[in-house]
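Working notes, beginning with the structure itself.
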Protein chains: 2
Amino acid sequence: MATIRDVAKLAGVSVATVSNALNLRGNVSPDIKERVANAVEMLGYAPHAGAQRLRRSASNLIGVVIADIANPHFGALAEELESSASGRGYSVIICNSGEDLARERRHLQTLLSHRVDGIVLIAAAGDSNERIAMLSRIGVPLAVVDRAIAGLSFDTVTLDDRRAGALVAEHLIGLGHRRIGVVSGPEGVSTARERLEGFREALASVGVPLDPRLVIDGGFRADRARSNTQRLLASAERPTAIFATDLMMALGVLSAVGDAGLVCPLDISVAAIGDNPFATALHPGLTTVAQPVNAIAAAAIEALLASIARSNDEPETSTRIALEPRLIVRGSTGAPQAGVRR
Amino acid sequence: MATIRDVAKLAGVSVATVSNALNLRGNVSPDIKERVANAVEMLGYAPHAGAQRLRRSASNLIGVVIADIANPHFGALAEELESSASGRGYSVIICNSGEDLARERRHLQTLLSHRVDGIVLIAAAGDSNERIAMLSRIGVPLAVVDRAIAGLSFDTVTLDDRRAGALVAEHLIGLGHRRIGVVSGPEGVSTARERLEGFREALASVGVPLDPRLVIDGGFRADRARSNTQRLLASAERPTAIFATDLMMALGVLSAVGDAGLVCPLDISVAAIGDNPFATALHPGLTTVAQPVNAIAAAAIEALLASIARSNDEPETSTRIALEPRLIVRGSTGAPQAGVRR
DNA sequence: AACCTTCAATAAAACGTTTTATTGATTATG
DNA sequence: CATAATCAATAAAACGTTTTATTGAAGGTT
């Protein structure tokens, strides 16, 4: 691989001049700039990022650790995070923890080693004291996105999950549903907890208590949601509607509904949180709560860059942003048909 | 940030000894190892990756450039690539080009600057001489995955796209379909071309020519596929089946089918290439061709590491691997109902 | 007792950049 | 015309590691 010395030699100038020419610093005459550019082209020279990092203070690099890159929601988030960041002049390194705490830890360590200027963390499911300990002394601006982490004061940007759950509750109640099943995510994940809680509260506020027997675990996974929903549907008092707290689980719910020979929304209504092109393609279209992925990403990058900017001067004040969800009513929800098929 | 000198000072040993202790090289007595480990823990020391790269020859880093991280198929591929690579002791940096050639170029450049040991490229759509020129002198082992690039001799791992197209054709022909519409992807992307070509050939081999008026563009996008399919369905001689060459477009097709008040598979059969949990969740389930994403990723990493290993000794022989697709028949395809609803 | 090995630890060079201070050369100023 | 000011280019130090060669010290072998 060519080094800056090779470029200097070929261009017939000093190393310093090459550096100046490439970084548009100091005074370099136009023809020398030209000669340097030619030499770079000729040699296919790419500056050694490691060596650069050694001298420069900022890396202009942001690390993103994602809980599960195979999940379309996180994929979309990654996409938006990257375009937000690159719009502000930062490059982005994406790492995938695959919902594994150990892998998450390794990735964070790697990012620290690369001296990124900041980190965006979409935390893997599960709590761990080790994580708390590590994060609390991480020494680099960090923004927590999508899933909140308790007990740490980082800038946090999420959907207003409580409100999202409430939106679904209000919608279903408004349609006349009273017996509503919930397929919830892992207890340890804030989004799962909050969405359920918001749902429960909204129900309670109109005097409809949530029957704990109708709340089942789907673990944010389609297969798990499917099998548990099958059980729920087979129970004596089948609910007239089901709320899935994420889209993957909604798929499982829909499969189970179809397996049971039920028709949606005639026999049962289904609603979920999370939206993507698939929700439209289903027939009937799935009623969902859309997340402003774009705004979430933008806010996260904004907060992170602000944190990077103030660096170690002012006291670290951490902001907590919860963005507004939006209900999209499609065909999968309707009024319950009293006793029609029971 | 703490440096290795700080660690050395705190542990009361030389810098070299710290390095040896951390890298398990040379002879370091157990108690000194212990002292070093403690000092590292105490200071939260993370070795400066840039400085390491400067001295080490290998970086143990693999760069992955992905065409569109928001597409679940590529997300899944990214996930598998990462676990394959990390199983072989490599860390992975994921970059997202968002189907943009300029961004792809920037990312490749960045990866070169970071002196990755190898690159996996899932090429953005579109041909460009600039890309050809850049890649042909890239000087780092590179494997092309999923989408082939013409005119370059890199290790290439893809689905056997031609065969995948043929599988769908054989299935639909076997059911009795003769007028089949195709929603195809961008001309410039190998997967789109090959799938269509395999489909066409298989049809031709049983004496059924493909009516060019039934081949429409969906640009690998759900919305585009939807609007163009609407037009196709409204035409005089509506096809009895539609083949979408990827899953996103299949969603658009299904929407259009529903919009037109048609029922699948009664009025029209739909099949696609690409499989994920959504295909099962639909009702009826979508007939698809599954890609062995896992095997594709493994083969790609294998080829890349082999290429890294032989490095600059032996002449670069590039392998071309096409993996076997598998047809999964679900409810969305059935025999055409002669004139039932026409 | 003299010598060779092995073992632990170290000093110092090297990696490829950026940047500060320095040097000449050229142009402007009094 | 002398001096100051600007401009272009450079030499060399510094960044934080790894690694080679070196140094003692401690055991082993005759």
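Note that this is a predicted model, so its numbers are computed, not measured. Values reported hereafter were calculated over all heavy atoms of this structure, with side chains retained and with hydrogens, waters and symmetry mates removed.
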Nucleotide nearest [X] when distance is taken to its side chain, options [options]:
X     : options                : value
B:A16 : D:dA9, D:dT17, D:dT19  : D:dT19
B:R56 : D:dT18, D:dA9, C:dT18  : D:dT18
A:N23 : C:dT18, C:dG16, D:dT19 : C:dT18
A:R25 : D:dT18, C:dT18, D:dT17 : C:dT18
A:T17 : C:dA11, D:dT10, D:dT17 : D:dT10
A:S29 : D:dT10, D:dG16, D:dA8  : D:dA8

Just how far, in rounded Å, is [atom2] of [N] from [atom1] of [X]?
X      : N      : atom1 : atom2 : answer
B:K33  : C:dA9  : NZ    : P     : 10 Å
B:L24  : D:dT18 : CG    : C1'   : 14 Å
A:H48  : C:dT18 : NE2   : P     : 12 Å
B:I32  : C:dC7  : CD1   : P     : 16 Å
B:R115 : C:dC15 : CZ    : P     : 14 Å
A:R5   : C:dT18 : CZ    : P     : 13 Å
B:N27  : D:dT23 : CG    : C1'   : 15 Å
B:Q52  : C:dT17 : CD    : P     : 18 Å

Using a cut-off of 4.0 Å on non-hydrogen atoms, how would the nucleic acid contact of A:S19 be classed: base, sugar-phosphate, or nothing?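 Answer is base: heavy atoms of A:S19 come under 4.0 Å of a base.
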B:R115 backbone acceptor or donor facing B:S59 side chain under 3.5 Å: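 Answer holds: yes.
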Flag, side chain of A:H48 to backbone of B:S113, donor-acceptor distance under 3.5 Å: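 No, A:H48 side chain to B:S113 backbone: no donor-acceptor pair under 3.5 Å.
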Quick one: are B:I93 and B:C95 in side-chain contact, heavy atoms under 4.5 Å? yes
Above 12 or not: heavy atoms from other molecules or residues under 6.0 Å from CD of B:Q109? yes
With a 6.0 Å cut-off (strictly less than), is the heavy-atom count around CG of B:N129, excluding the residue itself, greater than 12?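 Counting other residues, nucleotides and ligands, CG of B:N129 stays at 12 neighbours or fewer.
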For B:D31 and A:A2, take the nucleotide of DNA chain C holding the closest heavy atom to each; which residue's nucleotide lies nearer the 5' end? B:D31
Please tell me which of A:N20 and A:M1 maps to the more 5' nucleotide of DNA chain C, matching each residue to the nucleotide holding its nearest heavy atom. A:M1
Kindly indicate whether the side chain of B:R55 and the base of D:dT18 share any N or O donor-acceptor pair separated by less than 3.5 Å?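 Donor-acceptor pair under 3.5 Å: yes.
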